[in-house]
There are 2 protein chains.
Amino acid sequence: MPNMGRKKTQMELIETESARHVTFSKRRSGLFKKASELCTMCAVEVAIIIFSIGGKAFSFGHPNVHSVFNRLRCSENLDASTSSNDAAGQDPILHDLNKTHSDLIEDVGL
Amino acid sequence: MPNMGRKKTQMELIETESARHVTFSKRRSGLFKKASELCTMCAVEVAIIIFSIGGKAFSFGHPNVHSVFNRLRCSENLDASTSSNDAAGQDPILHDLNKTHSDLIEDVGL
DNA sequence: GCCTATGTATAATG
DNA sequence: CATTATACATAGGC
């Protein structure tokens, strides 16, 4: 059928909650994949933490999140930063990190 | 003239140092861009830390790296409120989780 | 760094 | 969640 494929997406907040959640899931996987590729190709250490609107925490780390963040605290040599607004405050649960694994495992098909 | 464009890249460590550095720079920007798009479209908080081989730290954060990092530590403390005053780098669950995560990625060959 | 051909990520569908 | 068309990222070359 016609009208499939990707349309140009407006770079702004996705209002519809369901659509936003779908996009979040897809792009989060994509981001983690890109990060893992960067680790493999360039032998670097990477840590990514994402807090969703609902306050759930998703993480990616190579070799692991803590070692990278601890290393940052020691050197404290920040380079870039991007900011804007937003600052909701909910307390995420550690167990939600398991969801990150489940997603990865499913995507990978293991 | 001919032979331009992108060839399919093997997903492995780039041996040539100069080439690896170029790829690192390009992909790092791409990763940060993806992250900022994710923040804009889905209103989430993201923190990324990258340590290059040379030990230099690159970071991306929305609203900033430290707030996201602290939020993670806060959630960990809430989850493991047994004892200890320094949960960072000591939480067995998160550590094990990310170890598994890394192993999974390596097994897959990403 | 900029440019262009080509591979990849992904918005809409099914 | 699988597909597919298409926007986007990016390897190789200047």
Side-chain angles (χ1 to χ4, degrees), chain A residues 1-44 46 48-50 52-54 56 58-62 79-80 82 84 96 98-110, chain B residues 1-44 46 48-50 52-54 56 58-62 101 104-110:
Chain A
M1 313 261 284
N3 193 27
M4 291 185 78
R6 178 185 190 177
K7 290 179 183 173
K8 179 169 184 175
T9 310
Q10 185 66 29
M11 264 310 302
E12 59 184 12
L13 176 64
I14 298 172
E15 302 289 348
T16 310
E17 191 174 314
S18 58
R20 186 174 59 230
H21 187 267
V22 171
T23 292
F24 174 60
S25 297
K26 288 184 177 180
R27 282 178 172 264
R28 174 164 41 80
S29 310
L31 190 72
F32 285 178
K33 183 180 179 183
K34 288 277 185 190
S36 65
E37 290 180 350
L38 188 64
C39 291
T40 303
M41 299 176 77
C42 304
V44 298
V46 176
I48 303 179
I49 302 292
I50 303 178
S52 67
I53 291 183
K56 298 183 190 303
F58 298 88
S59 71
F60 168 87
H62 176 85
D79 170 63
T82 300
S84 289
D96 287 322
N98 282 307
K99 196 170 186 178
T100 305
H101 261 80
S102 302
D103 290 346
L104 180 59
I105 291 171
E106 287 182 357
D107 290 345
V108 159
L110 285 180
Chain B
M1 296 290 283
N3 192 26
M4 291 185 78
R6 177 188 191 179
K7 291 179 183 174
K8 180 167 184 177
T9 313
Q10 194 63 256
M11 265 315 299
E12 57 186 12
L13 177 64
I14 298 172
E15 302 291 346
T16 311
E17 191 174 315
S18 59
R20 187 175 58 229
H21 189 267
V22 170
T23 292
F24 175 58
S25 298
K26 289 183 177 180
R27 281 176 171 264
R28 175 162 42 79
S29 338
L31 190 71
F32 285 177
K33 183 179 179 184
K34 287 279 186 188
S36 66
E37 290 180 352
L38 188 63
C39 291
T40 303
M41 300 177 76
C42 305
V44 299
V46 176
I48 303 179
I49 302 294
I50 303 177
S52 66
I53 292 183
K56 182 173 182 179
F58 297 89
S59 69
F60 167 89
H62 173 86
H101 199 268
L104 185 61
I105 290 169
E106 287 187 68
D107 288 343
V108 166
L110 287 178

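Note that the structure is a prediction, hence the values are computed from the model and not measured. Residue numbering restarts at 1 for every chain, and letters A, B, ... go by the order of the sequence lines.
- At whole-Å resolution of the value, CZ in B/Phe24 and P in D/dA9 are 18 Å apart.
- The side chain of B/Arg27 approaches D/dA11 more closely than any other nucleotide in the set D/dA9, D/dC8, D/dA11.
- Here the side chains of A/Val44 and B/Phe58 are not in contact, with every heavy-atom distance at 4.5 Å or above.
- Atom C1' of nucleotide D/dT10 and atom CZ of B/Arg20 are separated by 19 Å, given to the nearest angstrom.
- Atom NZ of B/Lys33 is separated from atom C1' of C/dT8 by 14 Å (rounded to the nearest Å).
- Here C/dC3 presents its P atom at 13 Å from NZ of B/Lys26, a figure rounded to the nearest Å.
- Atom NE2 of B/His21 and atom P of C/dG1 are 11 Å apart (whole Å).
- Here the P atom of nucleotide D/dT10 and the CD1 atom of B/Ile14 are 12 Å apart, to the nearest Å.
- Among the protein residues, A/Gln10 comes within range of no part of the nucleic acid, since none of its heavy atoms lies under 4.0 Å from any strand.
- For D/dT10, the OP1/OP2 oxygens have a side-chain nitrogen or oxygen of A/Lys34 closer than 4.0 Å.
- Inter-residue side-chain proximity for A/Val22 and A/Lys26 is flagged as met; some heavy-atom pair is nearer than 4.5 Å.
- At the phosphate of D/dT10, neither OP1 nor OP2 sits under 4.0 Å from any side-chain N or O atom of B/Thr23.
- Protein atom CE of A/Met11 is 14 Å distant from nucleotide atom C1' of C/dA11, rounded to whole Å.
- Within 6.0 Å of CD in B/Glu12 there are more than 12 heavy atoms belonging to other residues, nucleotides or ligands.
- Atom NZ of A/Lys8 and atom C1' of C/dA9 are 16 Å apart (whole Å).
- Looking at A/Arg20 and A/Ile53, their side chains come closer than 4.5 Å, going by heavy atoms from C-beta outward.
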